[in-house]
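Scroll down for the structure; my scribbles are underneath it.
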Number of protein chains: 2
Amino acid sequence: MDSINIKKLAQALKLSTSTISRAFRDNSDISIATKERILAKAKELNYQPNHYASNLREQKSKTIAVIVPELANNYFSQAIHGIERVARENGYHILIYVTDDEYKKEVNFIRHLHNGRADGIIMSVSGEGNDHNYLNKFGPKRLPLVFFDRIYEDIETSRVITNDYNSSFLATEHLIEQGCKRIAYLVVNKSLSIGKTRMQGYIDALGKHGIQYEESLIVDCSNSYEENSITIKQALTQLKPDGVFTSVERLAFATYYACYDLNISIPGDLKVISFSSLEIAPLLNPSLTTITQPATEIGEQAAGLLFKMLDNKTDENQPEEVILESKIIIRNSTSAAIKTH
Amino acid sequence: MDSINIKKLAQALKLSTSTISRAFRDNSDISIATKERILAKAKELNYQPNHYASNLREQKSKTIAVIVPELANNYFSQAIHGIERVARENGYHILIYVTDDEYKKEVNFIRHLHNGRADGIIMSVSGEGNDHNYLNKFGPKRLPLVFFDRIYEDIETSRVITNDYNSSFLATEHLIEQGCKRIAYLVVNKSLSIGKTRMQGYIDALGKHGIQYEESLIVDCSNSYEENSITIKQALTQLKPDGVFTSVERLAFATYYACYDLNISIPGDLKVISFSSLEIAPLLNPSLTTITQPATEIGEQAAGLLFKMLDNKTDENQPEEVILESKIIIRNSTSAAIKTH
DNA sequence: TTGTATGCGTTATCAC
DNA sequence: GTGATAACGCATACAA
């Protein structure tokens, strides 16, 4: 190996390795002169303390892992960006893991992260339907963990969520105010906690306005584009709703496509509102009314909570919960006017 | 520390650490019985070989770094997904670095990656305008590097690109065939190699069809949404183009917004085509004609090239170049018909 | 302020 | 087939 290391740098400077080491840590006392001499030479020889050796010594990795169900989704990419920003400020690196909504991958990732590779985990979960007690099996050795958006209710740990119940309630109410009487609710997985909370807001809003809740109007979709296309078209033709509330952006898109195909006019025949962080929602045809979550801020807050835990500023038995507000942005897809643009 | 390590596992089983170690590597000879006994106990105690110790020993990290200009962009998130998939298959982990298009961050990331943290780098560059010779300063110690999409022409290393010249030529020709006579070209940074290549296709297509190239029709935009909005509105009102070709998806969105504000009808008054990987381009108002790059495949191929290098299957002096084809998908934003929708 | 010695957790080499 | 030991590169306790 011709590569540089602390020993060679020490030799080149006729110093000991400990002095070199000190030059790279802030705390230790070392004369400014030698420190500068060392740093200069280090730069010249392109030396950097080996990350793995340092971390082995210090028992921490300055790395956090981010686990998300998908990447090609505006919400998650924005959230990750937020996490990235905060992590970078704190000198941390970020490992990315995508589960593709597969529970097994999630379990696998988490398990393999418990080998020192990461100091903490920020996750939006994928396996609500499954046994997620696996997280408790790590006992006190479990890495600091922060949930965001999609959480496991029964795992005690810090979390950043939005007020989904409220938003759903208001969204449904908005549709009602725009004249909708038969509002379908499209969800990816009814059993997901996020689906349940959002659904409850929908149900309660119906109740408040004296509209009978019909279970058939809950349309359970999947992660497959093709399947959803069929499901949604069936729902539209058979149930004949005059409003659709989708719990995920993807389902709003699918609804749009279905309406194009079926010649259903939005918002004339059908009004659509959706959870979505899409920045170009105003450019859709028609522009989409959205419940927009503060994705970037969610990421930042999640990272903030994790760093608090890493700094031992959080009582383990008192996980923190941050609840952020989403905004309903009304656009043409729920306009009471019949004519589209 | 109550945490588990190889020594404690060895004690618990009354075996030596070497035997334990062997159970976790594939090659060494070890009796099946003890191996299974070890793995079982390991699972029970939740033991995994410490990543940092292993990597310090083996001098590799099983980690690759991905550096991109931005995340909240369909192209990059799809590309990263592709990289992720291939990396995972090979048992590698992924570190993400976002430069926000800042050259300094890029240099900083790269420099700090040369401490063993990553075995290789996949990057779409941000600093074309600057001195990127810094990459050569590492000499033979430079980490294996693969460029994708945005590259430095003068750095010799493997790369995955699309045939931008061709696509631009065809895109421009398409606008001409739809009746455009004054086609503006919107670019983020003229000096970027990717901007230049794409621009040349535009210029040559004009030439082929006997249209005079006007430099004023090249509109140099920035990364700021507000600035671009002003720039584009000015360009539309002053230059009065009847077609716009944008080199980045973001500029097409900005053009749409500008047209909404200025009451310019697309495609009636102005036809728009853009490089874009947006999956919902059909849902825009009007649906957007795109040059769509195979983003996921680009990511997969880039990862593939990197692993080839890591396996020493690439001659260092013979970097590989993969050129993929983009597809032009014609939609309403370039329709010859006057009426939208 | 600087140097010496030790150990972080693992794996490879060499014995047995 | 298994065990003892050195070494990976670094950071700290302690000595000087």
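In the text below, chain A, chain B and the rest are named by the order of the sequence lines, each starting its count at 1. Below, each value reflects all heavy atoms present in this structure, side chains not excepted, and no hydrogens, waters or symmetry copies. Just so we're clear, the structure is a prediction, and the values are computed from it rather than from any experiment.
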What does B:Leu15 touch in the nucleic acid at a heavy-atom separation under 4.0 angstrom: a base, only the sugar-phosphate, or nothing?
sugar-phosphate
Which part of the nucleic acid does A:Ser21 contact within heavy-atom distance under 4.0 Å: base, sugar-phosphate only, or nothing?
base
Test ring pair (Phe, Tyr, Trp, His ring centres under 6.0 Å) applied to A:Tyr97 - qualifying residues, sequence neighbours left out:
A:Phe109, B:His93
Please enumerate all residues that pass ring pair (Phe, Tyr, Trp, His ring centres under 6.0 Å) together with B:His114, with sequence neighbours excluded.
B:Phe138
Give every pair of a protein N or O atom and an N or O atom of nucleotides 4-7 of chain D that lie under 3.5 Å apart, one pair per line with the distance.
residue : atom : partner : partner atom : Å
D:dA4   : N7   : B:Ser18 : OG           : 3.2
D:dA4   : N6   : B:Ser18 : OG           : 3.0
D:dA7   : N3   : B:Arg57 : NH1          : 3.2

Nearest-neighbour nucleotide for the B:Arg25 side chain, D:dC10, D:dC8, C:dT11 considered
C:dT11
Does A:Ser77 reach the main-chain N or O of B:Ala72 with its side chain, forming a donor-acceptor pair under 3.5 Å?
no
A:Tyr103 side chain vs A:Asp131 backbone, donor-acceptor pair below 3.5 Å
yes
My understanding is that only residues two or more places apart in sequence, or in another chain, count here; which of them pass side-chain hydrogen bond (donor to acceptor under 3.5 Å, both in side chains) with [X]?
| X | value |
| --- | --- |
| B:Thr17 | none |
| B:Tyr47 | none |
| A:Thr19 | A:Ser16 |
| B:Asp100 | A:His81, B:Lys105 |

Where along residues 40-50 of chain B does a heavy atom fall under 4.0 Å from DNA chain C?
B:Tyr47, B:Gln48, B:Pro49, B:Asn50
Within residues 108-120 of chain A, find the residues that approach DNA chain C with a heavy atom at under 4.0 Å, and present them sorted by residue number.
none
Side chain to side chain donor-acceptor pair (under 3.5 Å) partners of residues 61-76 of chain B, not counting sequence neighbours, each pair once
A:Arg117-B:Thr63, B:Ser61-B:Asp119, B:Glu70-B:Asn73, B:Asn74-B:Glu249, B:Tyr75-B:Asp149
Double-helix bend of the helix from C:dT1-D:dA16 to C:dC16-D:dG1, axes at both ends from 5 pairs, round to 10°, gives 40°
So, using salt bridge (Lys or Arg N to Asp or Glu O under 4.0 Å) as the criterion, who are the partners of B:Glu58 when residues are at least two apart?
B:Arg25, B:Lys60
